[in-house]
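Reminder, nothing fancy here: chain letters follow the sequence lines and each chain counts from 1. Bear in mind that the values here come from a model prediction, so they are computed numbers and not experimental data.
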Amino acid sequence: MLRLQQVHAGYGGSEVLSGVDLLLREGEVVTLLGRNGMGKSTTIHCIMGQLACRSGSIVFDGCELNDLPAFRRARLGIGWVPEERHIFPNLSVQENLQVAAANFASAQQPWTLQRVYQLFPRLQERVQHAGNQLSGGEQQMLAIARALMINPRLLILDEATEGLAPLIRQEIWRVIEQLKQQGLSILIVDKHIKTLLQLADRYYLMEKGQVVSSGEASQLAQDAGLQARYLGV
Amino acid sequence: MLLLIEQVLNGLQLGFMLFLLSAGLTLVFGVMNLINLAHGSFYMVGAYVAATMIQHGSGFALALLVALAAAALCGLLVEVLVLRHLYHRDHLDQVLATFGLILFFNESTRMIWGRQPLFMQLPEFLSASVEILPGVPYPLYRLVIIGVGLLVAVGLYLLISHSRVGMRIRAGASNRDMIAALGVNIRWLYSLVFALGALLAGFAGVMAAPLYAVESGMGESILILTFVVIVIGGIGSVKGALLGALLVGLVDTLGRAFLPQLLQGLFDSSSANSVAASLSSMGIYLLMVLVLAIRPRGLFPA
Ligand SMILES: Nc1ncnc2c1ncn2[C@@H]1O[C@H](COP(=O)(O)OP(=O)(O)OP(=O)(O)O)[C@@H](O)[C@H]1O
Ligand SMILES: [Mg+2]
């Protein structure tokens with residue numbers, strides 16, 4: 001479904017990604033791991049078209065994404081929950097959800113306001129609140145709900161449980177698990193390795209802009225040595 | 001007292017015309033972070049096209065429609081051909097480029113229409129007067145301008161606060177990249193906003209054409225007032241533009257009408273007149289200073 005080959009990218013004079021390869025099959029949950037600053041978010045920015053690749057190819061469903069502007073990539077069905085959340089502060093919760101261009105007639109069971117509120121009942125209590133009046137946890141829920149509103153076939157989550165109270169974090173994990181059960185393909189970056197490796201099917205481990213290891217998530221979960229070496233856990 | 005009512009209405013009329021101009025300018029400035037000095041050119045295009053149509057025997061409604069379309073089309077072309085390449089440049093580059101556009105538009109109108117100003121005849125049904133109070137006639141056309149301004153204000157409010165396009169415009173103003181990542185074609189949205197602003201400026205131009213001379217460069221004198229309006233109102237806020245425009249219209253009109261009389265109590269009549277003249281042309285700038293002293297980012301910072 002998604003294949004990155006030899007992706008190079010960077011900011012200004014510095015190269016951050018030096019040849020990233022990654023494959024995600026339909027219905028899979030794949031996690032991208034690595035310590036701070038290793039290029040996980042940069043990889044996602046390249047997929048979403050927030051940052052131009054210098055070379056290499058990113059193919060989604062047979063389309064070369066590098067040829068497409070960001071909005072076209074989203075319309076192909078890639079939903080993105082950015083690390084910074086990027087909630088629209090001046091829009092209400094409901095408007096944040098409605099603002100997306102949800103065309104994609106292809107979706108069998110399209111996401112509606114009602115369905116995302118079922119997923120996150122807390123958001124429903126806050127429909128009229130402005131984005132900047134929400135707590136961090138609520139903003140995170142809203143960022144996920146908003147990404148779902150474009151009816152993605154691939155959902156990309158960048159540190160969706162970071163900096164949240166344990167209860168809220170559990171709720172987010174529950175939702176991600178639920179989305180997985182529904183068959184959604186997911187690319188996920190997170191700091192909570194243990195939970196993550198239980199959830200994910202496969203992993204890619206990044207070090208200084210390159211993938212240094214990949215395989216079944218369950219294998220990495222048992223490989224304390226590899227974890228210690230690249231993740232410092 | 002009667003004079004006061006009349007002058008207040010004149011002030012409102014000027015205010016609503018300024019609103020038509022400033023709504024587009026403030027949106028473009030606030031949403032796209034673009035300073036467009038050539039906004040007055042769309043006003044001029046609207047006025048010229050309408051005046052020409054009427055001179056050639058067209059009806060008012062048709063002239064209005066064609067003028068609006070011409071202004072919107074000019075806006076669209078300017079956005080696509082020139083301004084689209086300037087969004088990520090700093091404001092000075094934008095000022096230079098759009099100043100160049102002013103020269104282009106002014107010179108083009110001189111080439112097409114010559115140096116003589118045009119005058120636009122009002123159709124009969126608009127040139128009547130109505131009695132606003134028993135025995136007090138007032139030109140219907142100026143009331144129409146006020147009405148049109150009110151309608152546009154309501155329409156813009158609905159568009160921006162209650163439509164999906166408006167939602168996207170507001171979202172794009174705060175985060176361009178994120179709105180694109182939600183599948184929204186922000187370029188197209190910007191073109192649309194820009195063309196809408198140009199259309200409203202053209203509308204103001206049509207409205208102004210029967211009242212003032214239609215001539216090359218007519219956009220620039222009013223552009224300065226328009227910038228004062230959006231600075232007072234708060235850049236990016238249409239609500240601010242409305243309030244700012246009405247304030248500027250009223251202060252300017254009432255100042256010119258009543259300052260001479262007020263000052264005659266203090267000075268002899270000829271110096272009162274000259275002091276009043278200079279004070280009243282400063283009036284709106286004093287207003288701006290006052291507003292900015294109290295609210296540095298304007299009345300409704302967006
Ligand atoms: N906008 C930017 N401009 C310049 N350098 C950047 C920018 N964003 C990230 N970098 C650099 O690129 C490198 C990779 O950053 P990236 O955000 O991809 O890391 P990450 O793996 O997501 O880390 P984290 O776990 O902290 O989120 C870092 O060295 C960072 O300093
Ligand atoms: Mg990151």
Hey, does [Y] have a side-chain heavy atom less than 4.5 Å from the side chain of [X]?
| X | Y | result |
| --- | --- | --- |
| A:Glu159 | A:Lys40 | yes |
| B:Ile284 | B:Ile232 | no |
| A:Leu65 | A:Ile47 | yes |
| B:Met178 | B:Leu182 | yes |
| A:Arg122 | A:Ile168 | yes |

Is it the backbone or the side chain of A:Pro82 that comes under 4.5 Å from a heavy atom of chain B, or both, or neither? side chain

Between B:Leu200 and B:Ala23 the two heavy atoms that sit nearest each other are CD1-CB, 4.2 Å

Could you please show the donor-acceptor pairs under 3.5 angstrom between chain A and chain B, with distances rounded to 0.1 Å?
{"residue": "A:Arg75", "atom": "NE", "partner": "B:Gly183", "partner atom": "O", "Å": "2.7"}
{"residue": "A:Arg75", "atom": "NH2", "partner": "B:Gly183", "partner atom": "O", "Å": "3.1"}
{"residue": "A:His86", "atom": "ND1", "partner": "B:Asn175", "partner atom": "ND2", "Å": "3.2"}
{"residue": "A:Asn90", "atom": "ND2", "partner": "B:Arg170", "partner atom": "O", "Å": "3.4"}
{"residue": "A:Glu95", "atom": "OE1", "partner": "B:Arg170", "partner atom": "NH1", "Å": "3.2"}
{"residue": "A:Glu95", "atom": "OE2", "partner": "B:Arg170", "partner atom": "NH2", "Å": "2.9"}
{"residue": "A:Gln98", "atom": "O", "partner": "B:Arg164", "partner atom": "NH1", "Å": "2.7"}
{"residue": "A:Val99", "atom": "O", "partner": "B:Arg168", "partner atom": "NE", "Å": "2.8"}
{"residue": "A:Val99", "atom": "O", "partner": "B:Arg168", "partner atom": "NH2", "Å": "3.4"}
{"residue": "A:Ala100", "atom": "O", "partner": "B:Arg168", "partner atom": "NH2", "Å": "3.1"}
{"residue": "A:Ala101", "atom": "N", "partner": "B:Leu182", "partner atom": "O", "Å": "3.1"}

Contacts of A:Gln181 that satisfy side chain to side chain donor-acceptor pair (under 3.5 Å) - sequence neighbours left out: A:Glu177

Is chain A contacted by the side chain of B:Ile186, its backbone, both, or neither, given a heavy-atom distance below 4.5 Å? neither

Distance in Å, B:Ile145 CD1 paired with B:Leu14 CG, rounded so as to fall on 0.5 Å steps: 9.5 Å

Could you pull out all residues at least two apart from B:Phe194 that satisfy ring-ring contact (aromatic ring centres under 6.0 Å, His included)? B:Phe42

Start with the C-alpha gap between A:Tyr204 and A:Thr31, add the side-chain angles, then the distance that decides, and say whether side chain to side chain contact (heavy atoms under 4.5 Å, CB included) holds. CA-CA 6 Å; A:Tyr204 286 85; A:Thr31 173; over 6 Å; no

Residue-level contacts of residues 52-59 of chain A with chain B, using a heavy-atom cutoff under 4.5 Å: none

